[in-house]
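Down below is the structure, laid out as structure tokens.
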Amino acid sequence: CYEYCVCMQTKGVYKYTIGESNSYEEIQQIKKNLSEKFKEAFVVAFLNGKKINTQEAVKISQKQK
């Protein structure tokens with residue numbers, strides 16, 4: 001299991017977040033590994049504890065390089 005794992009409930013559905021990184025490439029690798037067991041896995045992004053658009057997160061990540 002990854003170091004960072006959180007369970008949330010949204011509209012009666014349990015959702016789990018697994019993994020944490022400022023690197024989009026690292027997150028894509030985590031997703032690829034998880035997709036072998038969880039075909040519906042997808043990437044979500046958070047900034048200061050609030051969910052943000054994934055494309056915006058990619059732009060922020062690229063600026064930090």
Please name the pair of heavy atoms, one in [X] and one in [Y], separated by the smallest distance, quoted to 0.1 Å.
{"X": "Ser61", "Y": "Asn22", "result": "OG-O, 2.9 Å"}
{"X": "Lys31", "Y": "Phe42", "result": "CE-CA, 3.9 Å"}
{"X": "Val44", "Y": "Thr54", "result": "CA-OG1, 4.4 Å"}

Could you tell me which residues satisfy side-chain hydrogen bond (donor to acceptor under 3.5 Å, both in side chains) with Glu26, sequence neighbours excluded, listed by chain and number?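 side-chain hydrogen bond (donor to acceptor under 3.5 Å, both in side chains) list for Glu26, sorted by chain: Ser21.
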Would you give the length of the straight line joining atom [atom1] of [X] to atom [atom2] of [Y], rounded to the nearest 0.5 angstrom?
{"X": "Asn33", "Y": "Gln28", "atom1": "CG", "atom2": "CD", "value": "11.0 Å"}
{"X": "Gln29", "Y": "Leu34", "atom1": "CD", "atom2": "CG", "value": "10.0 Å"}
{"X": "Asn53", "Y": "Leu47", "atom1": "CG", "atom2": "CG", "value": "12.0 Å"}

Determine, stepwise, if the pair Ile52 / Ile60 fulfils side chain to side chain contact (heavy atoms under 4.5 Å, CB included). CA-CA 11 Å; Ile52 64 169; Ile60 292 168; 4.2 Å; yes
In terms of heavy-atom contacts, does CZ of Phe38 have more than 12 from other residues, nucleotides or ligands at under 6.0 Å?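 Counting other residues, nucleotides and ligands, CZ of Phe38 stays at 12 neighbours or fewer.
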Members sharing Val58's hydrophobic cluster (side chains within less than 4.5 Å): Tyr24
